[in-house]
Amino acid sequence: MIRVLLADDQPLIRSGFRALLEAEDDIEVVAEAANGIETLALVRERLPDIALVDVQMPGMDGIEVTGRIAADPALAGVHVVILTNYGRDEYVFTALRAGAAGFLVKDIEPEDFLHAVRVAARGDALLAPSITRRLIDRYVTEPPRRDADATLKWLTNREREAVVLVATGLSNDEIADRMAISPVTAKTHVNRAMTKLHARDRAQLVIIAYETGLVTPRTP
């Protein structure tokens, strides 16, 4: 079962998401929260696989909640997906850097929402297509923010190749096909790269790939 915590200050929104999630055989809603402080307390108590967190909540916003979850080693198994009515860039980049595994707008189709929960539960990065486009557009106009040599020096060539493919949106199976290796080996390359780069999840790996210039919007 995928264990989900819902955090939104609007009861109607929470009840709608709960009804959608609990209709699925493999998903269980284990807690609901109406503000950031309550969210953090319940995450620590219930240890969900996925925390669906509204970006704007009273007491503590979703970005701060995300950062605190990401910084707590005891919560390493919790994947935060930010939910919002907005797709504003500052939310996207701040949320991803804080440690969010994904970012979804609330007008997403039900089937896409359920798919997103399952993708995030696997530890894969998840962004709405419209947000992915803006993420790429942003990096077109910004120079690399990290010293690539210092950041990437511990990666093997195959690990670098795997990071590039993760950043272009490929799954482990697709990476395996592209690199002509087994899915297990592909996953090993990705996991080792995450460890060496101190990336909490694949979303963080994508950010690092762009910030070092390892991947650019024009990378084939």
Side-chain angles (χ1 to χ4, degrees), residues 1-88 90-128 131 191 194 198-207:
M1 294 290 287
I2 300 171
R3 304 173 73 253
V4 177
L5 177 144
L6 290 171
D8 196 296
D9 60 344
Q10 299 182 47
L12 188 60
I13 295 291
R14 293 200 310 273
S15 64
F17 281 137
R18 175 184 278 276
L20 189 61
L21 292 167
E22 291 196 331
E24 301 298 303
D25 293 337
D26 60 335
I27 300 174
E28 175 188 11
V29 177
V30 297
E32 291 186 23
N35 61 65
I37 295 171
E38 184 181 16
T39 299
L40 195 57
L42 285 171
V43 165
R44 288 170 173 159
E45 177 186 338
R46 304 305 303 273
L47 295 177
D49 301 306
I50 301 294
L52 295 170
V53 178
D54 186 24
V55 74
Q56 292 184 314
M57 292 187 294
M60 184 189 303
D61 68 25
I63 305 297
E64 186 175 353
V65 169
T66 299
R68 293 196 183 196
I69 291 172
D72 189 340
L75 304 178
V78 179
H79 303 288
V80 178
V81 176
I82 295 288
L83 293 168
T84 183
N85 289 318
Y86 313 99
R88 292 165 56 183
E90 59 266 34
Y91 290 148
V92 177
F93 304 115
T94 305
L96 291 175
R97 291 193 178 100
F103 194 107
L104 298 172
V105 289
K106 291 181 181 177
D107 62 358
I108 187 171
E109 294 294 329
E111 60 270 21
D112 293 333
F113 171 70
L114 293 170
H115 173 69
V117 169
R118 294 184 174 102
V119 167
R122 294 199 304 264
D124 290 343
L126 192 284
L127 293 172
I131 291 172
N191 288 344
M194 287 172 57
H198 306 290
R200 188 171 188 270
D201 52 30
R202 293 169 76 102
Q204 292 284 290
L205 207 57
V206 172
I207 291 294

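Computed from a predicted model, the values in this text were never measured in an experiment. In what follows, every heavy atom counts, from backbone to side chain, and hydrogens, waters and symmetry copies are set aside. FYI, the numbering just counts along the sequence from 1.
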Is the shortest side-chain heavy-atom distance between H115 and E111 below 4.5 Å?
no

Table please: side-chain donor-acceptor pairs of residues 39-48 below 3.5 Å, with sequence neighbours left out.
{"residue": "T39", "atom": "OG1", "partner": "N35", "partner atom": "O", "Å": "2.7"}
{"residue": "R46", "atom": "NH1", "partner": "V30", "partner atom": "O", "Å": "2.7"}

Do you know which two heavy atoms are closest between M57 and V65, and how far apart they sit?
CE-CG2, 4.4 Å

State, to 0.1 Å, how close A98 and A70 come at their nearest heavy-atom pair, and which atoms those are.
O-CB, 3.3 Å

Could you pull out every donor-acceptor pair under 3.5 Å between side chains of residues 5-12 and any protein atom, sequence neighbours left out?
{"residue": "D8", "atom": "OD1", "partner": "Q10", "partner atom": "N", "Å": "2.8"}
{"residue": "D8", "atom": "OD2", "partner": "K106", "partner atom": "NZ", "Å": "2.6"}

Flag side-chain contact, heavy atom, 4.5 Å: L20 against L114
yes

Would you find a donor on one side and an acceptor on the other, under 3.5 Å apart, between the side chain of E64 and the backbone of M60?
no

Taking all non-hydrogen atoms of both residues, which atom of I50 and which atom of A121 are closest, and how far apart?
CD1-N, 3.4 Å

Residue set satisfying salt bridge (Lys or Arg N to Asp or Glu O under 4.0 Å) with D26, at least two apart, ordered chain then number -> R118

I13 and L83, any side-chain heavy atoms less than 4.5 Å apart:
no

Please examine the side chains of D61 and Q56, heavy atoms only from C-beta on, and report whether any two atoms are closer than 4.5 Å.
no

F113 versus I108, closest heavy-atom pair with distance
N-CD1, 3.6 Å

V53 and G62 have their tightest heavy-atom pair at CG1-CA, 3.6 Å

Between T84 and D54 the two heavy atoms that sit nearest each other are CA-OD1, 4.2 Å

